[in-house]
Structures are given as C-alpha cells and as structure tokens.
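Worksheet: one structure, shown below.
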Amino acid sequence: MSLGKLIDKKYNDLSKRIDMQKVPEHIAIIMDGNGRWAAKKGLPRSFGHKSGVSVLKEILKASKKLGCKILTVYAFSTENWTRPIEEVNYLINLFCEVLKNEIEEIHQESIKLKFIGDLTPFPEDLKKVVYSSESLTKNNDTFLLNICLNYGGRQEIVKVAKELALKSSDGEIKPSEINEELFNSKLLTQGIKDPELLIRTSGEKRISNFLLWQLAYSEIYISEVLWPEFNEHEFLKAIIDYQSRNRRFGGIESLPTESFEDSQYSS
Ligand code: FPP
C-alpha cells in the first residue's frame, strides 16, 4: 500500500471512531510550540508563528466538519509582551495580515469572530481590523471563533471582582448577591458556554493563565506535537480521547470506557 493510502486509511479509521453525538461543543486550544518547531528547523521563531496560522485554519475547518460550535484560541497572552520587541511586533503584524486576508472567507463560512482580552495596548491598525471583523461577522451563527489577544485569566477575574466591588459600594448590589452566576455574567466570555475540552500542544502540562474560571471542569488533552505540526489527525485523536473520559463534575458516575492511549490507533 502507498504511503498516501496508508495515511488516508489511518485517518478514516480514526474519523470512524468519533461519536458524532458526543463532539464537544466548545474546544479551547493553547497553540504552543511555534518557536521550538522553528528552532528545530534552524529557522527564526517567526516562521513557527507563520506556519501556525495554516494549522489554525485546518483545525477550524475540522471543528466545523465535526459539528463543534465554538473554538477559543490563545493567540497572545498578557505575558507575551515580555518577548523581544521584534517578536511582539511580528505577531501583531501577523494578526493584522491574517485578519485582512481571511475575513471575507471567514464571513462567507458564517463564522462569527470575537476577540477576548484587553485590546488597549495594541496599535490602531490592529484595533481597526479587529473591530471591523467583529462587526462584519456579528450576525453569523454557524460557528464562533474566539481569539484571545492580550488575555490573562487572572486579570479577567480581577476585572470582574473590581466591577462587582464597585457595584456593591455604590449600593447597586448587596455583597450577599454575588454568586457564580453573577460573576460568570461579567466575564469576557459572558454568554458563551464553558469549554468541555482544552487541548494544549507541545507537551507542556500547564494552563498558563488561560481561561482560569472557564476551564474549571474541562477535560485536558496534552498533545506532544508542536503546534505547526498539529493537524486534523492529531485533533481527532484529542476528540477520541475526550470521548473516552468519564466526566463526573465532582460526582460519581458510570464505568470509564477504553482510553484512546490504550487503543491500537495510538501513535
Ligand atoms: C506559542 O508558541 C504561540 C504563540 C504565542 C502565538 C500563536 C499565534 C498563532 C498561531 C497565529 C494565529 C493567528 C491569528 C490571526 C489568531 P511559542 O512561541 O510560545 O512556542 P515555544 O514555546 O516553542 O517558544
């Protein structure tokens, strides 16, 4: 059998194992490993980021195909400002270029774009394209792509705490009225259900200040693959693994099913 056919067979075998009734509605992704991928190839880190864009496009398509409804990706964290200025500027320009080039197709695909994070420190150019992309796609209802830019989970929680403290000191609410529901309604992700699954690439086993509140009960899947090498096949592996989990939310429940890692298709 040719290599191409072998890859197709492996992919088809994997896609057949997906239970379409149990696809997570919301998947969050930490796209990690761009720099290491580039270094491994003797290339500047920027090549890793650039390659990461086409992977994001592939995973977006695969998510839609599977019937997933929301993808939230960590594109730039509040900590990423500490990188060399050249890399920060490269990333900002990349976001601008990608948005300008892809927005028409994103809109045609009926994808709604939402940016999560504090956009204040970004240059006007990026802010302009961010606002126009959000405005153009605001009524699209097939799929939601959340892009986290200058996002930090702790900062988000502190922001909500301040807002509620102010409301309380103004007498608008009583401290006793502060509960999870109210807190949740003030988050940057208000109105969006929490992710059922978090995928992090590159083998790192950390949350890195990503969606700290929202990931409270999410299943975590760590892929050893660096983001520029991640693809639909690796994504399907994550979904199959997720579907083998026994989600108990702190309670007790049914017997676990076979784990993906135990199965004959793991690689
Ligand atoms: C982490 O890898 C990746 C980033 C900080 C940037 C991710 C951005 C993209 C993939 C572009 C997405 C484009 C849009 C428009 C959303 P790293 O640099 O931390 O890798 P390392 O851990 O190997 O150094």
Side-chain angles (χ1 to χ4, degrees), residues 27-64 70-107 109 111-119 121-123 125-134 136-137 143-153 188 198-211 222-232 234-235:
I27 302 177
I29 308 185
I30 303 180
M31 311 178 285
D32 197 14
N34 292 351
R36 274 165 285 165
W37 177 83
K40 240 177 40 177
K41 293 189 160 316
L43 296 167
R45 293 174 59 82
S46 54
F47 280 70
H49 299 314
K50 197 169 175 156
S51 300
V53 175
S54 39
V55 177
L56 178 55
K57 283 168 70 179
E58 180 174 341
I59 300 308
L60 180 59
K61 278 206 181 95
S63 308
K64 276 188 84 193
I70 310 166
L71 207 58
T72 301
V73 295
Y74 210 5
F76 194 91
S77 74
T78 43
E79 290 72 33
N80 285 152
W81 294 105
T82 60
R83 294 187 176 206
I85 186 70
E86 296 78 18
E87 183 168 344
V88 169
N89 286 340
Y90 180 86
L91 279 167
I92 291 173
N93 285 331
L94 183 68
F95 299 146
C96 265
E97 285 313 303
V98 172
L99 282 175
K100 282 179 193 158
N101 294 338
E102 304 291 337
I103 192 60
E104 269 315 315
E105 194 182 332
I106 289 174
H107 186 43
E109 291 280 321
I111 296 169
K112 178 175 176 172
L113 264 190
K114 181 174 163 65
F115 292 85
I116 297 179
D118 177 12
L119 299 175
F122 288 118
D125 197 21
L126 178 59
K127 283 194 246 191
K128 226 169 108 186
V129 66
V130 159
Y131 297 141
S132 64
S133 304
E134 280 189 332
L136 179 70
T137 62
F143 196 89
L144 172 64
L145 173 62
N146 296 314
I147 300 180
C148 297
L149 284 186
N150 191 28
Y151 173 83
L188 300 170
L198 167 71
I199 299 174
R200 181 169 190 155
T201 57
S202 91
E204 301 292 347
K205 299 175 181 70
R206 288 186 296 278
I207 294 185
S208 299
N209 207 15
F210 189 41
L211 302 175
I222 308 289
S223 167
E224 294 301 320
V225 176
L226 303 173
W227 179 252
E229 280 169 355
F230 196 74
N231 53 27
E232 186 168 1
E234 296 300 326
F235 185 62

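Along the sequence shown, residues are numbered consecutively beginning with 1. The model shown is predicted, which means the values in this text are computed figures rather than measured ones. Start at 1 and go down the list; that is how both ligands and their atoms are numbered. Values below: every heavy atom of this structure, side chains too, minus hydrogens, waters and symmetry copies.
Not a single N or O atom of V53, backbone or side chain, sits closer than 3.5 Å to an N or O atom of ligand 1. Residue-to-ligand polar distances keep W37 apart from ligand 1: every N/O pair is separated by 3.5 Å or more. Any N or O atom pair closer than 3.5 Å counts here, and W227 shares no such pair with ligand 1. Considering both main-chain and side-chain atoms, Y74 never comes within under 3.5 Å of ligand 1 through any nitrogen or oxygen pair. Considering backbone and side-chain N/O atoms, N80 never comes within less than 3.5 Å of an N/O atom of ligand 1.
For the ligand labelled ligand 1, residue E102 lies outside the 4.0 Å heavy-atom shell.
Within a 6.0 Å radius of NZ in K112, other residues, nucleotides and ligands contribute 12 heavy atoms or fewer.
Two residues are said to be in side-chain contact when any heavy atoms from C-beta on lie closer than 4.5 Å; P44 and Y90 fail this criterion. Between V129 and F95, the closest side-chain pair of non-hydrogen atoms is not below 4.5 Å.
The shortest contact between atom 3 (C) of ligand 1 and any protein heavy atom is with M31 O, 3.2 Å. Of the protein's non-hydrogen atoms, the one nearest atom 10 (C) of ligand 1 is N34 ND2, 3.7 Å. Summary of contacts: the protein heavy atom closest to atom 6 (C) of ligand 1 is A75 O, 3.4 Å. The single protein non-hydrogen atom nearest to atom 14 (C) of ligand 1 is F95 CD2, 3.8 Å, given as residue, atom name and distance. For atom 19 (O) of ligand 1, the nearest protein heavy atom (residue, atom name, distance) is R83 NH2, 2.7 Å.
Salt-bridge formation is not detected for the pair E105/K57: no Lys NZ or Arg NE/NH1/NH2 atom is positioned less than 4.0 Å from an Asp or Glu carboxylate oxygen.
A distance-only check finds no donor-acceptor pair linking the side chain of R45 to the backbone of A38 [under 3.5 Å]. The main-chain N or O of Y151 is found under 3.5 Å from a side-chain atom of Y74 such that the two form a donor-acceptor pair. Without hydrogens or angle criteria, S223 side chain to V225 main chain gives a donor-acceptor distance under 3.5 Å. Proximity of a side-chain donor or acceptor of W227 to a complementary backbone N or O of G52 within less than 3.5 Å is detected. Although no hydrogens or angles enter the test, the distance criterion places no donor-acceptor pair under 3.5 Å between the side chain of K41 and the main chain of F47. Side-chain atoms of T201 come within 3.5 Å of backbone atoms of D32 as a donor-acceptor pair (strictly under, hydrogens ignored).
Near I147, with a cut-off below 4.0 Å to any heavy atom, the atoms of ligand 1 are 16 (C). Taking every non-hydrogen atom of H49 and a distance limit under 4.0 Å, the qualifying atoms of ligand 1 come out as 4 (C), 6 (C), 18 (O). Residue R36 has at least one heavy-atom neighbour below 4.0 Å for each of these atoms of ligand 1: 21 (P), 22 (O), 23 (O). For ligand 1, the atoms sitting less than 4.0 Å from at least one non-hydrogen atom of V98 are 15 (C), numbered in the order shown with element in parentheses.
Using a 4.0 Å cut-off between heavy atoms, E204 makes no contact with ligand 1 at all.
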